[in-house]
Amino acid sequence: MIVCKFGGTSVANAEQIKKVANIVKSNPERKIVAVSAPGKRFGDDIKVTDLLIELADAALTNGDVSGKLQVVVDRFKEITEELGIDDSICDVIEKDLQERVALDKTNEFLFIDNIKASGEDNNAKLIAEYFNAIGLRAKYVSPKDKLILNDYPERTIALPEAYENLKDLGKGDEVIVFPGFFGYTREGILRTFDRGGSDITGSILAAAVKADLYENFTDVDCVFSANPKVVSNPVGISEITYREMRELSYSGFTVFHDEALMPVYKLGIPVTVKNTNNPSAPGTKIVPTRALTGRPVTGISADSGFSILYVSKYLMNREIGFGRKLLQIIEEENISYEHTPSGLDDISVVIRSKQITDEAEDRIVKRVKEELHADDVYFRHGLSLIVIVGEGMRNNTGLAARATSAISRTGANIEMINQGSSEVSLVFGVLQQTENQILRALYDEFFAPITVG
C-alpha cells in the first residue's frame with residue numbers, strides 16, 4: 001500500500017487536482033491520499049489558508065465576515081466549476097464555514113485553528129467528490145474520532161490511539177481522501193499541527209497502516225543539495241537518510257517538514273519526495289540507511305532568525321549543575337533552545353529569536369548574573385545558522401577546515417561552531433546579512449565539479 005500526500009500547490013486549482021487524480025489512478029496501490037488546502041495558483045496569489053486567517057481575524061474583531069467568507073467560497077466554486085462537478089459541494093462548504101465562524105471565541109487560538117483547518121477539510125471533500133465523478137471510487141474520511149491529538153496548550157502531537165484508530169484505512173475498494181494539518185483531542189477539540197502539518201498527517205497515516213511507501217508530492221522534481229533561490233542549479237539528491245533529511249529540514253529545507261519524518265522513521269517506511277507536475281521524475285528517496293558516495297556532504301541549508309545567549313564564568317567547568325541551572329532559567333521563561341556549544345569558562349545557548357521578548361531577555365540576563373554569579377552575560381541577535389549535513393562526514397578528515405576556509409574567503413565572521421554528536425552535521429552561527437554569501441561559498445567548496453587531471 002502507498003500513502004501519498006499532495007501539498008498546497010498540487011491542489012491549488014482544477015488543473016492541478018486533475019493531475020492528482022491521474023497520479024492516483026496510475027497506481028492502484030495508492031489507496032490513501034492526504035491533501036492540503038489550495039495553495040498559490042501564481043506568484044502573487046493568496047493561499048486559501050491565508051484567506052481563512054483573514055476570515056478568523058475578522059470574526060474576532062467584528063469585521064467583514066460575510067465578505068471574507070464569500071471570497072473563500074468563491075475560490076472553491078471556481079475549482080468546482082472547472083472540474084465540472086455538482087456545485088452542491090459548495091453549499092456544503094459554505095454551511096461548514098458559517099458554522100465555524102459562529103463557534104465559541106473564548107479561546108482565540110483554538111478558534112483560529114478551527115477556521116484554518118476548514119481549508120484542508122473542505123478541499124478533501126471536494127477532491128473525493130471529483131474522484132467519484134471521474135469513476136475513481138473514493139471516500140472522504142474525517143480525522144474526527146480517528147486522528148486523536150494531545151490537549152491544548154502542549155505542542156500538537158498524535159497520541160498512540162490515533163495509530164490504532166487509523167490502522168484499517170485503505171483496506172476497502174475505495175481510495176481514502178483524508179484532510180491534512182489537523183486532528184481532534186479526546187474531548188473533540190480541533191487542533192492543528194505546526195507549519196507543514198499536512199506532511200505530518202501523511203506520515204502518521206503511512207505509519208498507522210504500515211504502508212510500503214509514503215509519497216510526498218510537491219512542486220519540485222527532488223530535494224536539492226542547497227536552496228535553488230540562492231545557489232544556481234544546485235545538485236539534486238537522489239537518496240538521503242532520515243537523519244540527513246531531519247537535519248536539513250530543521251535548518252531551512254522547506255520541501256519537507258522535519259517533524260513529519262518521526263512516524264515513518266520509527267517503522268523504517270521509505271519516503272519519496274516527488275513532483276506533481278512531473279510525476280515520472282524519480283524524485284528523492286528518504287531511507288534508513290544508504291550507500292556512501294565519494295562526496296561527504298549531502299546538503300547545505302540555512303535558516304535565519306536566531307539569537308545567542310552568551311554566558312562566561314571563570315572555572316565554570318568545575319561548577320556542578322551550572323548548565324542545568326542555566327537551562328532551567330530559560331525553561332521557566334517557556335523558551336526552548338536549539339544548541340548549547342560550550343568551552344571551559346563559557347557557554348552559548350542558541351534560541352529562535354521569535355521566542356524572546358525584551359522583557360524576557362532582561363529577566364534572563366538579570367537572573368543569570370544574580371543566581372549563577374556569571375562574569376559576563378549578554379544576548380546577540382540577527383544570526384543565521386548554516387548547517388552542513390552528510391553521513392559521509394564522519395569518515396572524512398579536514399572537512400571542518402575546508403568549511404571554515406571557505407567562510408573566511410568571504411570575509412565573514414563565524415559567531416559559533418557546533419558539531420552534533422552524530423557527526424553528520426556541522427553548524428555555523430553567522431550574521432544574518434552574510435547568510436547567502438556563505439551558503440554559496442560552502443556550496444562551491446563541497447559541490448564544485450570534480451576535475452580529473
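Only heavy atoms go into these numbers, but all of them, side chains included; no hydrogens, no water, no symmetry mates. The residues of the chain are indexed from 1 along the displayed sequence.
- Counting only distance, with no hydrogens or angles, the side chain of Asn150 and the backbone of Arg155 share a donor-acceptor pair below 3.5 Å.
- Of the N and O atoms on the side chains of Arg290 and Thr298, at least one donor lies less than 3.5 Å from an acceptor on the other residue.
- For the pair Lys77 and Asp87, the salt-bridge criterion is not met [side-chain N within less than 4.0 Å of a carboxylate O].
- A search for ring-ring contact (aromatic ring centres under 6.0 Å, His included) contacts involving Tyr378 returns Tyr310, not counting sequence neighbours.
- Using modelled atom types and a 3.5 Å distance limit, the side chains of Thr241 and Glu391 yield a donor-acceptor pair.
- In this structure, Arg191 and Asp151 approach most closely via the heavy-atom pair NH1-O, 3.0 Å.
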Verify salt bridge (Lys or Arg N to Asp or Glu O under 4.0 Å) between Asp121 and Lys144, making sure each step is shown before the conclusion. CA-CA 11 Å; Asp121 200 29; Lys144 190 76 177 284; over 6 Å; no

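- Residues Lys95 and Glu99 are paired through a salt bridge, judged by an N-O separation under 4.0 Å between the basic side chain and the carboxylate.
- Of the residues Phe109, Tyr184, Phe111, the one that meets the ring-ring contact (aromatic ring centres under 6.0 Å, His included) test with Tyr152 is Phe109.
- Although no hydrogens or angles enter the test, the distance criterion places no donor-acceptor pair under 3.5 Å between the side chain of Glu94 and the main chain of Val73.
- For Thr49, the side-chain hydrogen bond (donor to acceptor under 3.5 Å, both in side chains) criterion is met by no residue, not counting sequence neighbours.
- A side-chain contact (heavy atoms from CB on, under 4.5 Å) with Tyr163 is found for one member of Val209, Leu267, Ile204, Ile148 and no other, namely Ile204.
- The closest donor-acceptor contact from the side chain of Gln437 to the backbone of Thr410 lies under 3.5 Å.
- Between Lys116 and Leu190, every side-chain heavy-atom pair lies at or beyond the 4.5 Å cut-off.
- Here the side chains of Leu97 and Leu52 are in contact, with some heavy-atom distance below 4.5 Å.
- Between the Thr284 side chain and the Ile237 main chain, a donor and an acceptor come within less than 3.5 Å of each other.
- Side-chain atoms of Asn418 do not come within 3.5 Å of backbone N or O of Val427 as any donor-acceptor pair.
- Within the 4.5 Å cutoff, the side chain of Val368 has heavy atoms near those of the Ile329 side chain.
- Annotation: side chain to side chain contact (heavy atoms under 4.5 Å, CB included) contacts of Asn277 (sequence neighbours excluded): Gln16, Lys19, Asp219, Asn275.
- The closest side-chain heavy-atom distance from Asn122 to Val48 is not below 4.5 Å.
- Classification of Arg352 and Asp303 as a salt-bridged pair holds, one side-chain N sitting under 4.0 Å from a carboxylate O.
- The shortest distance between side-chain heavy atoms of Asn165 and Leu147 does not fall below 4.5 Å.
- Residues passing the side-chain hydrogen bond (donor to acceptor under 3.5 Å, both in side chains) test with Lys171, sequence neighbours excluded: Asp168.
- The main-chain N or O of Phe306 is found under 3.5 Å from a side-chain atom of Ser353 such that the two form a donor-acceptor pair.
- For the pair Asn132 (side chain) and Ala138 (backbone), a donor-acceptor distance under 3.5 Å is present.
- With hydrogens and angles ignored, the 3.5 Å screen pairs no side-chain donor or acceptor of Lys146 with any backbone N or O of Leu166.
- For the pair Phe193/Leu149, a side-chain contact is recorded, criterion being any heavy-atom separation below 4.5 Å from C-beta on.
- Residues Phe217 and Cys4 form a side-chain contact, since some pair of their non-hydrogen atoms from C-beta on lies under 4.5 Å apart.
- Scanning both residues, Gly236 and Cys222, for their nearest heavy atoms gives CA-SG, 3.7 Å.
- Judged by distance alone, the side chains of Thr192 and Asp113 do bring a donor and an acceptor atom under 3.5 Å apart.
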Name the atoms and distances for all side-chain donor-acceptor pairs under 3.5 Å in residues 28-40, with sequence neighbours left out.
residue: Arg30; atom: NE; partner: Glu215; partner atom: OE1; Å: 2.6
residue: Arg30; atom: NH1; partner: Ile23; partner atom: O; Å: 2.7
residue: Arg30; atom: NH1; partner: Ser26; partner atom: OG; Å: 3.0
residue: Arg30; atom: NH2; partner: Glu215; partner atom: OE1; Å: 3.2
residue: Arg30; atom: NH2; partner: Glu215; partner atom: OE2; Å: 3.0
residue: Lys31; atom: NZ; partner: Gly170; partner atom: O; Å: 3.1
residue: Lys31; atom: NZ; partner: Gly172; partner atom: O; Å: 2.7
residue: Ser36; atom: OG; partner: Phe6; partner atom: O; Å: 3.4
residue: Ser36; atom: OG; partner: Ser198; partner atom: OG; Å: 3.2

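- Other residues, nucleotides and ligands contribute more than 12 heavy atoms inside 6.0 Å of the CZ atom of Phe224.
- Under the side-chain contact (heavy atoms from CB on, under 4.5 Å) test applied with Leu248, the options Ile240, Val387, Ile388 reduce to a single match, Ile240.
- Inter-residue side-chain proximity for Ser203 and Tyr265 is flagged as unmet; no heavy-atom pair is nearer than 4.5 Å.
- Considering only residues two or more places apart in sequence or on other chains, Glu15 meets the side-chain hydrogen bond (donor to acceptor under 3.5 Å, both in side chains) condition with none of them.
- Residues Glu78 and Arg41 are paired through a salt bridge, judged by an N-O separation under 4.0 Å between the basic side chain and the carboxylate.
- Between the side chains of Arg100 and Ser118, no donor-acceptor pair is found at a separation under 3.5 Å.
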